[in-house]
Amino acid sequence: MKLGIIGLGLIGGSLGLALRSRDHYVLGVSRQEQTCTLARQKGIVHEASVDFSRLAQAEVIFICTPIEAILPTVQQLQPILSSETILTDVGSVKAPIVETVTPLWSNFIGGHPMTGTAQQGIAAAQSGLFSGTRYILTPTEETPSQAQTTVTEIVQSLDTEVMTCSPVTHDQAVALISHLPVFVSSTLIAACRQEQDAEVLNLAQTLASSGFRDTTRVGGGNPELGVMMAKYNKQAVQQALLTYRQQLDSLMSVIEEENWDQLEMMLGETQGARSRFL
Ligand code: NAP
């Protein structure tokens with residue numbers, strides 16, 4: 001098929017490499033000319049340009065820009081495309097995108113590849129990024145079945161397991177397992193930084209090892225991503241943080257009361273539950 005990708009960064013670039021390996025003809029569009037040159041040189045796409053009109057021939061277009069650029073991108077595409085062109089996006093938040101894009105382009109289905117790295121930009125693109133991962137599609141009652149079938153077939157061919165759910169359900173689930181951990185992890189680092197005794201702080205920084213590395217990894221990442229999560233998934237993130245605060249309050253009460261049996265039970269429950277998430 002002739003496929004388009006807009007936003008040749010980590011996800012868009014990796015998608016280009018993967019789609020090319022499945023013998024699709026890939027047309028790329030990105031914001032910067034130098035990114036397009038790099039995309040051609042690295043064989044990420046067959047053609048690359050900053051000009052959206054080059055995508056007029058694409059049968060399916062994957063919008064892989066940052067979240068805030070997805071809606072403006074659809075608005076720019078509207079006058080260029082035929083109504084048969086299927087649009088999909090890869091944004092990490094779904095409800096606000098699906099709600100705003102669907103009225104502009106009915107032949108649209110929201111998507112979210114459950115993959116990534118801490119890197120950004122086209123230099124970070126890698127061919128195997130999608131292989132063996134889950135890819136969420138968020139159809140609504142208005143989504144044309146042909147759009148869903150076509151996008152499903154394309155992403156399944158990249159060795160992904162396709163799952164479907166509503167945009168709101170998706171946002172609530174990722175708030176719990178993806179967005180909440182970022183904020184928990186960053187506030188853990190912030191709490192440690194509050195230590196007023198310089199000797200204690202220095203020793204803590206020297207002693208911090210694998211446990212601290214594991215629990216703070218996602219909180220030490222790109223700040224822009226965290227802002228996007230809170231901004232575009234505000235309600236679900238707030239609900240998740242509220243639930244987390246309640247858990248912290250319970251924990252503090254149990255320790256204050258020296259209720260060690262209760263504490264052991266709580267920790268035993270979380271020990272058993274962890275495997276159901278991983
Ligand atoms: P990224 O590496 O920064 O890539 C995005 C690329 O889009 C940039 O390199 C930029 O390329 C281009 N771009 C920016 N504004 C544009 C515009 N207005 N028009 C055309 N191209 C534009 O980001 P990413 O991590 O790939 O994320 C892209 C999308 O994937 C986001 O919506 C994110 O929510 C989603 N996502 C990310 C991950 C992850 O782990 N990173 C996982 C799943 C989904 P130029 O060099 O041309 O400026």
Side-chain angles (χ1 to χ4, degrees), residues 10-11 90-95 111-119 126 128-138 155 159-195 204-223 225-230 232-278:
L10 168 69
I11 299 292
V90 299
S92 313
V93 172
K94 296 278 46 94
H112 180 197
M114 300 304 293
T115 184
T117 70
Q119 313 298 314
Q126 46 183 273
L129 192 71
F130 296 88
S131 186
T133 64
R134 295 202 171 95
Y135 198 113
I136 315 290
L137 293 178
T138 58
V155 295
D159 189 25
T160 67
E161 180 190 341
V162 176
M163 296 178 70
T164 58
C165 64
S166 78
V168 170
T169 305
H170 165 277
D171 290 356
Q172 289 172 344
V174 296
L176 288 174
I177 52 85
S178 176
H179 302 173
L180 178 62
V182 168
F183 298 113
V184 168
S185 166
S186 68
T187 47
L188 169 58
I189 300 169
C192 293
R193 286 187 70 222
Q194 291 293 306
E195 177 53 55
Q205 286 171 342
T206 306
L207 296 181
S209 183
S210 57
F212 194 79
R213 186 178 301 115
D214 290 348
T215 46
T216 57
R217 184 178 63 81
V218 291
N222 179 4
L225 280 180
V227 174
M228 287 300 133
M229 291 167 181
Y232 291 97
N233 201 16
K234 183 179 168 193
Q235 214 180 338
V237 166
Q238 280 181 309
Q239 182 55 55
L241 284 169
L242 189 64
T243 308
Y244 184 64
R245 189 159 70 187
Q246 287 161 355
Q247 287 297 319
L248 280 181
D249 287 342
S250 304
L251 177 70
M252 287 178 73
S253 299
V254 167
I255 293 175
E256 173 62 27
E257 292 157 11
E258 301 191 2
N259 191 343
W260 309 129
D261 290 342
Q262 174 70 10
L263 180 60
E264 189 173 350
M265 200 183 79
M266 285 166 67
L267 294 174
E269 278 174 9
T270 53
Q271 183 188 37
R274 184 171 184 263
S275 62
R276 292 202 284 279
F277 289 90
L278 293 169

Is the backbone N or O of [Y] less than 3.5 Å from a side-chain atom of [X], with the two atoms forming a donor-acceptor pair by type?
{"X": "S185", "Y": "T215", "result": "yes"}
{"X": "T216", "Y": "I189", "result": "no"}
{"X": "K94", "Y": "G111", "result": "yes"}

For the student: nearest non-hydrogen atoms of [X] and [Y], plus distance:
{"X": "P181", "Y": "A175", "result": "CD-O, 4.3 Å"}
{"X": "A95", "Y": "V168", "result": "CB-CG2, 4.2 Å"}
{"X": "F183", "Y": "A230", "result": "CZ-CB, 3.9 Å"}

Do [X] and [Y] make a side-chain contact, defined as non-hydrogen atoms from C-beta onward lying under 4.5 Å apart?
{"X": "I11", "Y": "F130", "result": "yes"}
{"X": "V174", "Y": "M114", "result": "yes"}
{"X": "L225", "Y": "V182", "result": "no"}
{"X": "P113", "Y": "T133", "result": "no"}
{"X": "T117", "Y": "L129", "result": "yes"}

Do other residues, nucleotides or ligands put more than 12 heavy atoms under 6.0 Å from the [atom1] atom of [X]?
{"X": "E257", "atom1": "CD", "answer": "yes"}
{"X": "Q205", "atom1": "CD", "answer": "yes"}
{"X": "E195", "atom1": "CD", "answer": "yes"}

Taking atom [atom1] of [X] and atom [atom2] of [Y], what is their separation to the nearest 0.5 Å?
{"X": "Q194", "Y": "T187", "atom1": "CD", "atom2": "OG1", "result": "11.0 Å"}
{"X": "T160", "Y": "I136", "atom1": "OG1", "atom2": "CD1", "result": "9.5 Å"}
{"X": "I255", "Y": "M252", "atom1": "CD1", "atom2": "CE", "result": "8.0 Å"}
{"X": "L263", "Y": "S250", "atom1": "CG", "atom2": "OG", "result": "11.5 Å"}

Candidates V227, V237, V93 - the one meeting side-chain contact (heavy atoms from CB on, under 4.5 Å) with Y232: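 Option passing the side-chain contact (heavy atoms from CB on, under 4.5 Å) with Y232: V93.
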
Please tabulate, one pair per line, all N/O donor-acceptor pairs under 3.5 Å involving side-chain atoms of residues 268-278, not counting sequence neighbours.
from	atom 1	to	atom 2	distance (Å)
T270	OG1	M266	O	3.4
T270	OG1	L267	O	3.0
S275	OG	G272	O	3.4

Pairs satisfying side chain to side chain donor-acceptor pair (under 3.5 Å), at least one member in residues 162-182, at least two apart: H112-H170, S166-T169, H179-N233

